[in-house]
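Throughout, a chain's letter reflects where its sequence line sits, starting with A, and its residues are numbered from 1. Computed over heavy atoms, backbone and side chain alike; hydrogens, waters and symmetry mates excluded.
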Amino acid sequence: MSDFTPTADDLKTARAWPFEEAKALVKRLARLEKGKPSDRPIRFETGYGPSGLPHIGTFGEVARTTMVRRAFEALTGRPTELICVSDDMDGLRKVPDNIPNKEMLEPHLQKPLTAVPDPFGTHESFAAHNNARLKVFLDQFGFDYDFLSATDAYKSGQYDGALLRMLEVYADVMNIILPTIGEDRRQTYSPILPVSPTTGRVLYVPMLEIDAKAGTVVFEDENGEKVKTSVTGGAVKLQWKADWAGRWFALGVDYEMAGEDLTESIKLSSKILRAMGGEPPAGFNYQLFLDEKGQKISKSKGNGISIDEWLRYASPDSLSLYMFQSPRKAKKLYFDIIPKTADEYWSFVARYHQQVAEGNAKKALDNPVWHLHGGSVPSAQPPVTFSLLLNLVNASGTSQADVLRGFVRKYRPDASDAEMQALEPMLGFAVHYYEDFLKDKKSYRAADAREQKALIHLRDALLALGEDAEEGDYQTAVFDAGKAQDYENIREWFTGLYETVFGQSEGPRMGAFIKVYGAEGMVKLIDEALAR
RNA sequence: GGGCCCAUAGCUCAGCUGGUAGAGCAACUGACUUUUAAUCAGUAGGUCACAGGUUCGAAUCCUGUUGGGCUCACCA
């Protein structure tokens, strides 16, 4: 690690967007605290609908929020925390398509997800199952966060204050929300959704009476009976935008970002929060992802890239880099950018260490990798780029990590153990990429008469040389084989060799390749080519 | 139609408290000539979407236009 400690001045002038966000947050706090800062942790939040599986947007949101968090910490030195809230008290609206035992969920429609049994049979509820999956997902990337179940928050009384406050300003809240919804819905709308004491379902019914002092509401239950209930302790939950405002109020959220599709919701929730006497968190709306053709990526269309696909070909760090870049711009997310982003990541790492060594703090703070790693940038870099590795894997036509590793040793004999270690994950990515995209593009042709002779010549030479010859000897053998057939331009022979043996018109430097791949292995490849 | 966001080299982006356009990759040329890749050296490539305005000076600020994305019933 070549970390450095930026000066206050460096930090103040840092312009990378996480710093801009951090500064906006500082302003918010200054306004709020009026010169007497508390020592409470500054709270960052991300929220999830628990019915959906974690996806690339989930990663992006947590990664980006974490970048702002780290920038804020560096800027202010204040303690922070990130709360990931799962909205698991929401009613089950419909049975998802992508689960087993669908029929067992039917009777539980409209119940809070924490009250719906787990169709996978592994957890105590459907919500618990999805929450566990979310946590595994986040942990896989090493995110630092505190998980909060909305159901727990309601039931434990953590939201009670917000609920009671909501009753006090009920009329204002209604006035804010009603103009934004349809005529029909207005008649029955309520920001407060009671849970039916008889059926356990989340009810979308109007409040017949409200007693802010007592903290109670009256509504009509599904059986037609009027029920009076306290709003505390999980007897009711808040609906969507009110829920967001209530959560901000109850948790004292200081920072939250959201996709731009939620811009309007944020505005409305902010109004509600202000009506309650709260101050909306800082944050911004990041843009959605597009596919190669500029179409919006949606799970139903199946276009674009999933997070699993990205991680099959490149590291989580490279994905973080992608998330760092231009968050306000709708970005195209498709396969071609993966190798590029992977290489860019390492070149930023290299540049970062150079910037630190030169004492150029401004540049270092602008460098994406500072933000990806919160200032602790790994020092060991792989000795080759991903695109070189792809060339190698493609040229050699091998998906054996051993052979690739050998190649890299040849090319970069002075690579340290740490560098070779950093190469390891990259080898797997390259092999995947080769197998999925490059392998099928190979097309072998049969050798013509002259090429056959030359190949046989080379084959015999290799057998004679055996496994222990020098790289140069192998290289010479290849040339001799070509010269013996009187190729006027030796390049022709190489092209023929590549096309018949490797199935492409370009290939690896032969001497090095044979040394690493083994003379015997090469003989085998030649035999295969001769048999075509 | 209203609101919000975006528009810089082929690609991905940087440049934003206004001061003669940058990087990486791709492309091209050359060197090594025992090919290719790599490496090294170099070249080319942009009226900063368009049009106005403010200014001594605008990619940068303002207005408008065009193009793209999101959003404006319900659900989250």
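Within the shown strands, B:rU39 is the pairing partner of B:rA31 under the Watson-Crick or G-U definition, both distances less than 3.5 Å. Nucleotide B:rA73 is matched to nothing when pairs are restricted to Watson-Crick or G-U wobble geometry with both distances under 3.5 angstrom. With both pairing distances under 3.5 Å, B:rC50 is matched to B:rG64 as a Watson-Crick or G-U wobble pair. B:rU12 is paired with B:rA23 under the criterion used here, namely a Watson-Crick or G-U wobble arrangement in which both key atom distances are under 3.5 Å.
With both ends at atom P, the span from B:rU66 to B:rU47 equals 23 Å, rounded to whole Å. B:rA7 and B:rA51 have their C1' atoms separated by 15 Å, with the value rounded to a whole Å. The same atom, P, is picked in B:rA9 and in B:rG46; the two are 10 Å apart, to the nearest Å. Distance noted for atom P between B:rC25 and B:rA21: 23 Å (whole Å).
For the residue pair A:K331 and A:S326, no side-chain donor N or O sits within less than 3.5 Å of a side-chain acceptor on the partner. For the residue pair A:Y345 / A:D317, a side-chain donor-acceptor distance below 3.5 Å is found, with atom types taken as modelled.
In the set B:rC13, B:rC75, B:rG15, the nucleotide with an atom closest to the side chain of A:R15 is B:rG15.
Nucleic acid contact for A:S347: none, since no nucleic acid atom lies under 4.0 Å from a heavy atom of the residue. Using a 4.0 Å heavy-atom criterion, one finds that A:Q239 contacts the sugar-phosphate atoms exclusively. At a threshold of 4.0 angstrom between heavy atoms, the contacts of A:Y204 are confined to the sugar-phosphate backbone, with no base atom among them. Backbone-only engagement by A:D87 is indicated by non-hydrogen atom pairs under 4.0 Å involving sugar-phosphate atoms exclusively. Among the heavy atoms of the strands lying under 4.0 Å from A:K267 are primed sugar atoms or P, OP1, OP2 only; no base atom is included. Using a 4.0 Å heavy-atom criterion, one finds that A:I181 contacts the sugar-phosphate atoms exclusively. Nucleic acid contact class of A:D90 (heavy atoms, under 4.0 Å, all strands): sugar-phosphate only.
In summary, A:R201 and A:E222 engage in a salt bridge, as defined by a charged side-chain N under 4.0 Å from a carboxylate O. Salt bridge A:D366/A:K363: absent, no basic N to carboxylate O contact under 4.0 Å. The existence of a salt bridge linking A:R328 and A:E260 is excluded, since no basic side-chain nitrogen approaches an acidic carboxylate oxygen closer than 4.0 Å.
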Short heteroatom pairs, N/O only, protein and nucleotides 6-12 of chain B, under 3.5 Å:
unit_1, atom_1, unit_2, atom_2, d
B:rC11, O2', A:K340, NZ, 2.7

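Regarding contacts with the backbone of B:rU17, every side-chain N or O of A:T13 stays at 4.0 angstrom or more from both OP1 and OP2.
When each of A:F494, A:Y474, A:W493 is tested with A:F479 by the rule ring pair (Phe, Tyr, Trp, His ring centres under 6.0 Å), just one qualifies, namely A:F494. Here the options are A:N131, A:D88, A:D87, the test is side-chain hydrogen bond (donor to acceptor under 3.5 Å, both in side chains), and the partner is A:S149; only A:D88 passes.
Between the side chain of A:R28 and the main chain of A:P280, a donor-acceptor pair closer than 3.5 Å is present.
Both tests pass for A:R93 against the ring of A:Y204: distance under 6.0 Å to the centre and angle within 45° of the axis.
Sorted by residue number, the list of members of residues 56-65 of chain A with any non-hydrogen atom under 4.0 Å from RNA chain B is empty.
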